[in-house]
Amino acid sequence: MNLFSIAWKSVKQRSVASMLTALSVALGVMLMVVVLVIEGAVDGALNQRSIAYDLIIGAKGSDLQLVLSSVYRVQPPIANLPYMYLDQLQNDRRVETAIPLAFGDFTKPQHGGFPIVGTTNEYFLNEYTPGKMFEVADQEGTRQLSELYDAVIGSQVAHRNGWSVGDQFSIVHGSADSEETHDELFTIVSVLRQTGTPNDRSVFLNLEAVYILDGHQKPIDEVETRLKDFYGNDSERLGIALQQMEELKTRRAKGQQFGDESMGYGLDTPEAMKEITAVFVKTREVFDAISLQSQLKNGSKAMAVNPIRPIKRLMTSFVGPIKSALMVLTGMIIAVSGISIFVSIYNSMSDRKREIGIMRALGARRSSVFSIILAESTVLCIGGGLMGWLIGHGLSVVFAPYVSAQTGLLLDGWALNPMEFVLFPVLLVFGALVGFLPAMTAYRTDVADALTS
Amino acid sequence: MSLLLENVRKSYREPSGHRLPVLGISRYELAQGEQAALVGSSGGGKTTLLNVISGILAPDSGKVVVDGKDIAPLPEVVRDRFRAVKIGFVFQTFNLLPAFTALENVLLGMSFSGRGVDRAFAISLLERVGLEKRLDHTPQRMSVGEQQRVSVARSLANKPSLLLADEPTANVDPANQDLILNLIRDTCKENKVTLLMVTHAMDVANKFDRLDKLADFNDPQAAYQGAAT
Ligand SMILES: Nc1ncnc2c1ncn2[C@@H]1O[C@H](COP(=O)(O)OP(=O)(O)OP(=O)(O)O)[C@@H](O)[C@H]1O
Ligand SMILES: [Mg+2]
């Protein structure tokens with residue numbers, strides 16, 4: 001029998017106390033693991049991996065709000081850009097792809113209030129995250145947005161509402177709580193596979209459809225003011241835009257309608273009337289992104305934002321501290337459970353004086369009985385830690401589908417945080433630390449005295 | 001020669017700072033394979049003597065030669081290992097570790113010798129003391145007599161050259177007393193182990209060919225007189 005198995009015997013002998021103390025360590029470690037898994041998921045959802053574009057271009061304002069509204073779709077959008085600006089971007093030789101997005105509407109509250117994204121099919125033909133393309137869930141009808149009132153929905157939207165291809169729905173204007181329902185019925189043509197990104201809880205419509213929705217057209221003079229404001233020092237483009245507005249005015253004055261009434265009004269909408277909320281841009285070279293960004297910084301009403309940077313800022317200033325606070329808390333739970341191990345072993349020492357005396361009489365050295373007690377406390381710490389680690393990851397795996405359904409966060413229950421690799425060495429040291437005093441008591445035990453007591 | 005004590009003195013320092021002389025033995029010896037009973041008054045120093053012989057306590061001065069080696073000057077860790085290898089112990093009672101089965105208690109006796117454990121030998125020892133059916137019993141599931149037989153088996157686990165027994169039959173009922181006594185004496189004889197047994201009971205002591213009275217060869221007062229400690 002080695003010292004370890006002797007220690008294990010005594011752990012088993014005091015099984016209730018051992019179990020309780022190990023469980024308290026397990027609880028702390030379990031919470032720590034769960035915090036790390038959730039943090040990993042939040043980090044994964046918020047970091048660079050969640051978008052494969054180099055720049056997001058929107059109206060000047062808060063860069064964080066632009067990213068939160070266009071990538072994460074959790075904030076109301078900032079001001080809009082003229083649609084004509086998209087053309088300008090697409091013709092920029094630095095730009096490889098420029099995809100327009102328009103936000104502002106939601107599915108009805110009873111349908112989960114998911115954000116509506118007006119865009120073009122190009123959105124689905126680009127990677128949503130580096131190396132990953134959208135896939136269509138396993139069902140008939142893999143069309144993209146081809147008809148005006150087609151809709152493509154994210155996995156969570158489908159799951160929440162039980163929607164599938166062919167189902168129809170209408171949307172509300174402005175905010176998810178709005179009563180103002182648009183009359184138009186949209187038909188689902190595709191359900192996207194789960195991506196673990198905010199796309200899962202988005203509804204994609206034809207950008208064109210968004211323009212013709214009732215109430216989306218601003219009064220002509222308001223549009224004119226905004227165009228003048230945006231193109232203030234670009235008289236050439238402003239001229240083209242204002243000319244289009246004039247044509248629209250004369251056409252309206254004559255009572256002319258273009259397009260097909262059954263397809264909705266406003267097919268006569270000139271480009272100058274249209275607006276977009278954001279443009280996702282892929283540049284040809286890394287340097288192009290920087291150059292475009294700095295060019296827009298001066299004298300432009302638009303801004304180009306690196307999608308990663310504001311989120312990093314958010315992570316370090318907000319998510320980071322919360323994580324740290326939770327880690328400190330779980331660390332404290334582990335510390336308290338360590339103290340309970342100490343108390344439990346220390347209290348048992350007087351009962352074990354005789355046992356230690358017997359072992360010493362059998363030839364055990366002071367260092368041996370010292371090691372036995374130390375092994376005991378480390379076994380409890382490591383054993384409890386292992387238990388908590390397994391439970392923590394197990395719970396994460398079990399609850400991952402539920403969490404993902406509720407929040408869209410993709411929990412990877414078995415994802416290992418680098419911190420976990422130091423967890424066990426730390427627990428080892430910690431176990432040795434809490435066992436040290438009782439072990440010293442064992443070390444100092446007077447054999448002759450212990451044998452007569 | 002299995003055991004030789006020469007000019008061994010041992011005193012305890014009392015809390016008052018006073019020295020309490022307990023042992024003052026000019027010469028005491030046991031031949032290889034010899035069996036001796038040691039009797040003495042309570043508080044006479046018998047247990048202290050056994051602790052000095054086994055190296056649990058170091059004497060204040062003198063030679064403690066066990067199996068040809070003077071262990072008195074050795075550091076404690078060396079005495080510990082020496083004890084594990086050369087000396088078997090049987091105590092009065094509560095000898096066994098409660099969490100360990102009979103077999104494990106015997107294996108425990110082998111654990112500190114540095115030689116590794118010999119399971120087959122441990123089982124044969126338990127068979128020898130008639131406990132082949134109790135290998136997996138923990139102490140609380142055994143009678144006091146059975147427990148004491150386990151400790152006899154354990155004391156021989158490392159094939160010691162000297163077995164020290166401190167009143168091994170004091171807590172055992174009369175029927176078991178003879179059984180255990182004979183067991184110790186017979187197994188010592190079979191294995192040529194020297195036996196020194198402390199006892200209060202004269203009927204037990206009288207069974208031995210050699211009966212030593214501690215007071216006859218121990219004079220602590222004289223040993224500590226004059227000589228400064
Ligand atoms: N650790 C100690 N510190 C101080 N005095 C001690 C210590 N251990 C024993 N003594 C004293 O030394 C003397 C001898 O004790 P010891 O235990 O050797 O006697 P004993 O012969 O074994 O007695 P008993 O037959 O009652 O077991 C006693 O007077 C005892 O009080
Ligand atoms: Mg005694």
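Numbers restart at 1 for each chain; the letters A, B, ... are given by sequence-line order, proteins then strands.
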Can you confirm whether more than 12 heavy atoms, excluding those of [X], are under 6.0 Å from its [atom1] atom?
X: B:Arg115; atom1: CZ; value: yes
X: A:Trp8; atom1: CH2; value: no
X: A:Phe399; atom1: CZ; value: no
X: A:Phe424; atom1: CZ; value: yes
X: B:Phe121; atom1: CZ; value: yes
X: B:Tyr12; atom1: OH; value: yes
X: A:Met19; atom1: CE; value: no
X: A:His159; atom1: NE2; value: no

May I ask you to test the [X]-[Y] pair for a side-chain heavy-atom distance under 4.5 Å?
X: A:Met359; Y: B:Leu97; result: yes
X: A:Leu451; Y: B:Thr47; result: no
X: A:Arg366; Y: B:Val77; result: no
X: A:Arg365; Y: B:Phe112; result: no

Option that, when pairs with chain A are counted at under 4.5 Å, heavy atom only, ranks first among B:Leu107, B:Asn158, B:Ile56, B:Asn51: B:Ile56

Top contributor to chain A contacts, counting heavy-atom pairs under 4.5 Å, from B:Arg79, B:Arg81, B:Arg119: B:Arg81

Let's test your reading of the structure: which of A:Lys12, A:Gln13, A:Arg360, A:Glu355 forms the most heavy-atom pairs below 4.5 Å with chain B? A:Arg360

Which portion of A:Arg352 sits near chain B, non-hydrogen atoms under 4.5 angstrom: neither

So for B:Glu76, is it side chain, backbone, both, or neither that comes closer than 4.5 Å to the heavy atoms of chain A? side chain

What's the spacing between [X] [atom1] and [Y] [atom2] if we round to 0.5 Å?
X: B:Asn95; Y: A:Ile358; atom1: CG; atom2: CD1; value: 6.0 Å
X: A:Asp446; Y: B:Leu57; atom1: CG; atom2: CG; value: 7.0 Å
X: A:Ile6; Y: B:Ser111; atom1: CD1; atom2: OG; value: 4.5 Å

Residue pair A:Gly363 / B:Ala84: nearest heavy atoms and the distance that separates them: CA-CB, 3.6 Å

Ignoring hydrogens, what is the shortest heavy-atom contact between A:Ala361 and B:Phe89? Give both atom names and the distance. O-CD1, 3.8 Å

Applying side-chain contact (heavy atoms from CB on, under 4.5 Å), run through A:Leu362 and B:Met110 and close with a yes or a no. CA-CA 8 Å; A:Leu362 293 174; B:Met110 298 171 167; over 6 Å; no

